[in-house]
There are 2 protein chains.
Amino acid sequence: MGVSSRTAAAVHALTFLAHRHDEGLQSSATIAESLESNPVVVRRVLGLLREAGIVTATEGAGGGWRLARPADSITLLDVFTSVEDDTPVLPTHAHPPSRSCVIGRHMESYLAEEFAAAQRALADRLATRTIADTLREVRRREAAS
Amino acid sequence: MGVSSRTAAAVHALTFLAHRHDEGLQSSATIAESLESNPVVVRRVLGLLREAGIVTATEGAGGGWRLARPADSITLLDVFTSVEDDTPVLPTHAHPPSRSCVIGRHMESYLAEEFAAAQRALADRLATRTIADTLREVRRREAAS
DNA sequence: GGTATCTGTAATCTCCGTAGTCACAGTCAG
DNA sequence: CTGACTGTGACTACGGAGATTACAGATACC
């Protein structure tokens, strides 16, 4: 239907990894603590980021997760496209309209195109922010409080 | 969670009303036929558009719906904001993160701002298209087929 | 005035995606 | 060998959306 909160969890986890980058591998349990969530849920989200080449996982004792690329090369759009399925943000008809009506014959494809264009505008904005920006802003807010 | 398909149904219904504008009032049953949906569902969506001053309803026998404003003054953004609730298109955390972590303390508000900015970009694009545009494009596609 | 045709709306149902949880196999350090 | 991780499948709980039923209120028309 719409967008899940996986993007938010993924950005959070990646920023956490960037924050602790010098302290070595971070386990899904540690990350889950910051998210107040479940290690399994975290591993599933991070698994999607691993498939996208954004993080790497190390199995076994002492294992965990780390960024696979510099934080300033990971945009919020990268994260979004990695963890969300490719169903449009703005859904068209719940089920196809009548083919025996002029409007019904063309509305679905027209809307799909317009909604896709709107989503591209959203994506362009997400692409202007990186995990490095996010970490910087989080630290700035902490210092200002 | 995300966006419903009400926007698609509403744009469809409004374009239908613009298309049949010279033929007088259209009943929810007629519109539901084009949408292959239910008259009650249609009335609920049109009810939101009525509250927004986009359509007017006439009760009683021979009653029905018509546009309250010229089709070229109704943008897709008008429709979107009328029928969708005001929960963000891009949701933040499913439930608040840990306050005992630097990331957790600031991520939620930061993401809310960034996601809102992205949604404004999407909204700006929707505001560039009207119901009149939509009807014109539907008719063009019909003529071209 | 009676009746048929509409809107308006509450109540209920089903369906489906998401987050959360449990269980357990695989991997690896010490 | 043991303990600490990841990787996944299976299951449950919950909530929102769309569909449906039911019925009250309004109005045109005979």
Side-chain angles (χ1 to χ4, degrees), chain A residues 1-10 12-13 17 23-33 35-52 55-66 68 83-97, chain B residues 1-10 12-13 17 23-33 35-52 55-66 68 83-97:
Chain A
M1 200 142 325
V3 181
S4 74
S5 72
R6 282 194 298 275
T7 299
H12 186 129
L17 289 179
E23 279 120 275
L25 300 178
Q26 301 294 321
S27 75
S28 60
T30 305
I31 300 169
E33 216 171 292
L35 273 164
E36 290 213 342
S37 180
N38 191 289
V40 177
V41 173
V42 170
R43 282 203 293 274
R44 265 199 266 270
V45 171
L46 287 174
L48 295 168
L49 296 171
R50 176 172 41 79
E51 290 171 14
V55 298
T56 59
T58 304
E59 295 187 358
W65 306 79
R66 64 180 178 81
V83 303
E84 299 292 337
D85 55 40
D86 51 5
T87 64
V89 166
L90 300 177
T92 55
H93 297 65
H95 80 119
Chain B
M1 197 144 326
V3 182
S4 73
S5 74
R6 282 194 299 274
T7 299
H12 185 128
L17 288 180
E23 280 120 275
L25 300 178
Q26 301 294 322
S27 75
S28 61
T30 305
I31 301 169
E33 214 172 294
L35 273 164
E36 289 213 343
S37 180
N38 192 288
V40 177
V41 174
V42 170
R43 283 202 293 273
R44 264 200 270 271
V45 172
L46 287 174
L48 294 168
L49 295 171
R50 175 173 42 80
E51 290 171 15
V55 298
T56 59
T58 303
E59 297 187 356
W65 306 79
R66 64 179 178 81
V83 304
E84 299 291 337
D85 55 41
D86 51 5
T87 64
V89 165
L90 300 177
T92 56
H93 298 66
H95 81 117

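Computed from a prediction, not measured in an experiment: that's the story for all the values here. Residue numbering restarts at 1 for every chain, and letters A, B, ... go by the order of the sequence lines.
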TODO: Ignoring hydrogens and angles, answer whether the base of D:dT8 and the side-chain atoms of A:Arg50 contain a donor-acceptor pair closer than 3.5 Å.
DONE: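 Flag unset: no donor-acceptor pair detected.
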How long is the line joining [atom1] of [X] and [atom2] of [N], in whole Å?
{"X": "A:Gln26", "N": "D:dA4", "atom1": "CD", "atom2": "C1'", "answer": "15 Å"}
{"X": "B:Glu33", "N": "D:dA19", "atom1": "CD", "atom2": "C1'", "answer": "17 Å"}
{"X": "B:Arg43", "N": "C:dA10", "atom1": "CZ", "atom2": "C1'", "answer": "13 Å"}
{"X": "B:Leu48", "N": "C:dT7", "atom1": "CG", "atom2": "P", "answer": "15 Å"}
{"X": "A:Leu25", "N": "D:dT6", "atom1": "CG", "atom2": "P", "answer": "9 Å"}
{"X": "B:Glu59", "N": "C:dC6", "atom1": "CD", "atom2": "P", "answer": "13 Å"}
{"X": "B:Leu49", "N": "C:dG8", "atom1": "CG", "atom2": "C1'", "answer": "15 Å"}
{"X": "A:Arg66", "N": "D:dT6", "atom1": "CZ", "atom2": "C1'", "answer": "15 Å"}

TODO: Identify, between A:Gly62 and A:Glu51, the residue whose nearest nucleotide on DNA chain D lies closer to the 5' end.
DONE: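 Whichever sits nearer the 5' end wins; that is A:Gly62.
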- [ ] Return the 5'-most residue of the pair B:Gly60, B:Asp85 with respect to DNA chain D, ranking by each residue's nearest nucleotide.
- [x] B:Asp85
TODO: Check every strand shown and say whether B:Gly47 touches a base, only sugar-phosphate, or nothing at a heavy-atom separation below 4.0 Å.
DONE: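 Answer is nothing: B:Gly47 stays at 4.0 Å or more from every strand.
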Between [X] and [N], is there a contact of a side-chain N or O with OP1 or OP2 at under 4.0 Å?
{"X": "B:Ser37", "N": "D:dA19", "answer": "yes"}
{"X": "B:Ser4", "N": "D:dG16", "answer": "no"}
{"X": "A:His95", "N": "D:dA19", "answer": "yes"}

Task: First of A:Thr58 and A:Asn38 reached from the 5' end of DNA chain C, by closest nucleotide - done: A:Asn38
Ignoring the backbone of [X], work out which of [options] is nearest its side chain.
{"X": "A:Val40", "options": "C:dA29, D:dT6, C:dC22", "answer": "C:dC22"}
{"X": "A:Arg6", "options": "C:dA19, D:dA19, D:dT6", "answer": "C:dA19"}
{"X": "A:Ser5", "options": "C:dT21, C:dA19, C:dC28", "answer": "C:dA19"}
{"X": "A:Ser27", "options": "C:dG20, D:dC5, C:dA4", "answer": "D:dC5"}
{"X": "A:Val41", "options": "C:dT7, D:dT6, C:dA19", "answer": "C:dA19"}
{"X": "B:Ala57", "options": "D:dC5, D:dG18, C:dT7", "answer": "C:dT7"}

TODO: Please round to the nearest 0.5 Å and tell me the distance separating atom CD of A:Glu84 and atom CG of B:Leu90.
DONE: 8.0 Å
Open item on the list: Nearest 0.5 angstrom please: B:Arg43 CZ to B:Leu48 CG, how far?
Closed with: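 Here the rounded value is 13.5 Å.
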Over all atoms of both residues, closest heavy-atom pair of [X] and [Y]:
{"X": "B:Pro39", "Y": "B:Ala32", "result": "N-CB, 3.6 Å"}
{"X": "B:Ala8", "Y": "A:Thr92", "result": "CB-C, 3.5 Å"}
{"X": "A:Ala13", "Y": "A:Ile31", "result": "CB-CG2, 3.8 Å"}

TODO: For A:Thr56 and A:Arg66, run side-chain contact (heavy atoms from CB on, under 4.5 Å): C-alpha distance rounded to whole Å, both residues' side-chain angles, the deciding distance at 0.1 Å, then the answer.
DONE: CA-CA 6 Å; A:Thr56 59; A:Arg66 64 180 178 81; 3.5 Å; yes
